[in-house]
There are 2 protein chains.
Amino acid sequence: MSNAKVSPPLRNEVEPCCPPLAERPLTAEEAERTAKMFKALGDPVRLRLFSAVASHEGGEACVCDISDVGVSQPTVSHHLKKLKEAGLLSSERRGTWVYYRVEPAVLAAMGQLLTRAAAV
Amino acid sequence: MSNAKVSPPLRNEVEPCCPPLAERPLTAEEAERTAKMFKALGDPVRLRLFSAVASHEGGEACVCDISDVGVSQPTVSHHLKKLKEAGLLSSERRGTWVYYRVEPAVLAAMGQLLTRAAAV
DNA sequence: CTCCTGTTTCGACGTTCATCGATCTCTCGC
DNA sequence: GCGAGAGATCGATGAACGTCGAAACAGGAG
């Protein structure tokens, strides 16, 4: 791929992402958008990686600290990228190491999406 | 796994599903179990079907009422089966029609799983 | 019993995905 | 500059998944 220079609006403004599941039937695009986040957490390895980052102090962790999930290093990097694309994690390079941290706003949105569905 | 009778130090006995994501790093089997539920909601069609059931009055709906999601009817049935296997829906036959309803307890557990992760 | 309607199951097909080894980029220390 | 370590990217491969049409199954109506 030769789009190394491309830098589109990749920022996921996820606050208005999705209405509660029990409010009304989701439209096709709402479902498309929301399903991406659930799908990101729908893999055991990704879920472990995410949990490892979320449970680390400060809500952030170096890749080297969480790479012990039973898969190869490229696979870990691949899954972290997926989580980042889903808007659940953000990454920052500090010297030699890369740190990932959770996005609490997105998590809260997903949580309310479910709890409000249960409340009704 | 053959955990016919588990009685470990598991204080959250709400569901057989999962500890909060930010409590500690999930183990392999915890992640395996939890990921199944997220994966069930990780498909746009399934999410629309689930939302359609959840937003219907009484939290239950006939298949014929929610089959308008843009895919063939066998596909709808397939996805409803997946949601049922994930423990998110339950089905009941009443005469000619089959009604699906949401499982509020599982939803609440998933919600807390996320909101507590965000709270920390 | 026979037809009709609603729902599930069965194969099959094409796509997506998780995973790996090899390679590349970036940063630091010498 | 050069080598070493940490992560990311690339290309390939096998498994899992979503989708469909056809057929089977289950009840109600005539």
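Everything numeric here is computed off the predicted structure, so don't read it as measured data. In the text below, chain A, chain B and the rest are named by the order of the sequence lines, each starting its count at 1.
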Side-chain donor/acceptor contact of A:Gln73 with base of D:dA6 under 3.5 Å: no
Sugar-phosphate, base or nothing in reach of B:Lys84, heavy atoms under 4.0 Å: nothing
Side chain to side chain contact (heavy atoms under 4.5 Å, CB included) between A:Leu114 and B:Leu113, intermediate numbers included: CA-CA 10 Å; A:Leu114 293 170; B:Leu113 201 124; over 6 Å; no
Sugar-phosphate only, base, or nothing, as touched by A:Thr96 at under 4.0 Å among non-hydrogen atoms: sugar-phosphate
Sugar-phosphate, base or nothing in reach of B:Ser77, heavy atoms under 4.0 Å: base
Residue pair B:Val63, B:Gln73: steps toward the side chain to side chain contact (heavy atoms under 4.5 Å, CB included) verdict: CA-CA 9 Å; B:Val63 178; B:Gln73 199 276 328; 4.3 Å; yes
Residue A:Arg46, side-chain atoms from C-beta onward, closest of D:dA6, C:dA18, C:dT8: C:dA18
Below 4.0 Å: OP1/OP2 of D:dA16 and any side-chain N or O of B:Lys39: no
A:Glu30 and A:Arg24 ion-paired at < 4.0 Å: no
Nucleotide nearest A:Asp43 (side chain, heavy atoms from C-beta), chosen from C:dT19, D:dG7, C:dT7: C:dT19
Length of the CG-C1' vector between A:Asp68 and D:dA6, whole Å: 16 Å
From D:dG18, D:dC20, D:dG27, nucleotide with atom closest to B:Arg93 side chain: D:dG27
From CA spacing to verdict: side chain to side chain contact (heavy atoms under 4.5 Å, CB included), A:Lys82, A:Arg46: CA-CA 8 Å; A:Lys82 281 289 187 67; A:Arg46 277 199 292 270; 4.0 Å; yes
Short side-chain N/O contact from A:Lys81 to OP1 or OP2 of D:dG7, under 4.0 Å: no
Per A:Pro74 side chain, nearest of listed nucleotides D:dA8, C:dT7, C:dT19: D:dA8
Distance below 4.0 Å between A:Tyr100 side-chain N/O and D:dA8 OP1 or OP2: yes
N-O pairing of B:Lys84 and B:Glu103 below 4.0 Å: no
Phosphate contact (C:dA18 OP1 or OP2) by A:His78 side-chain N/O below 4.0 Å: yes
Nearest-0.5 Å distance that lies between atom CG in A:Asp43 and atom CZ in B:Phe38: 12.5 Å
Length of the CD-P vector between A:Glu85 and C:dT16, whole Å: 15 Å
Whole angstrom value for the distance that separates P of C:dA18 from CG of A:Leu47: 13 Å
For atom CG of B:Asp65 and atom P of C:dG6, their distance in whole Å: 11 Å
Gap between atoms CG and C1', on B:Leu80 and C:dT7 respectively (whole Å): 10 Å
Closest-nucleotide ordering on DNA chain C, the 5'-leading residue of A:Arg94 and A:Ser72: A:Ser72
Comparing B:Tyr99 and A:Val45 on DNA chain C - which has the more 5′ nearest nucleotide: B:Tyr99
Phosphate contact (D:dT19 OP1 or OP2) by B:His79 side-chain N/O below 4.0 Å: yes
Residue-phosphate contact under 4.0 Å: A:Lys82 side-chain N/O, C:dA18 OP1/OP2: yes
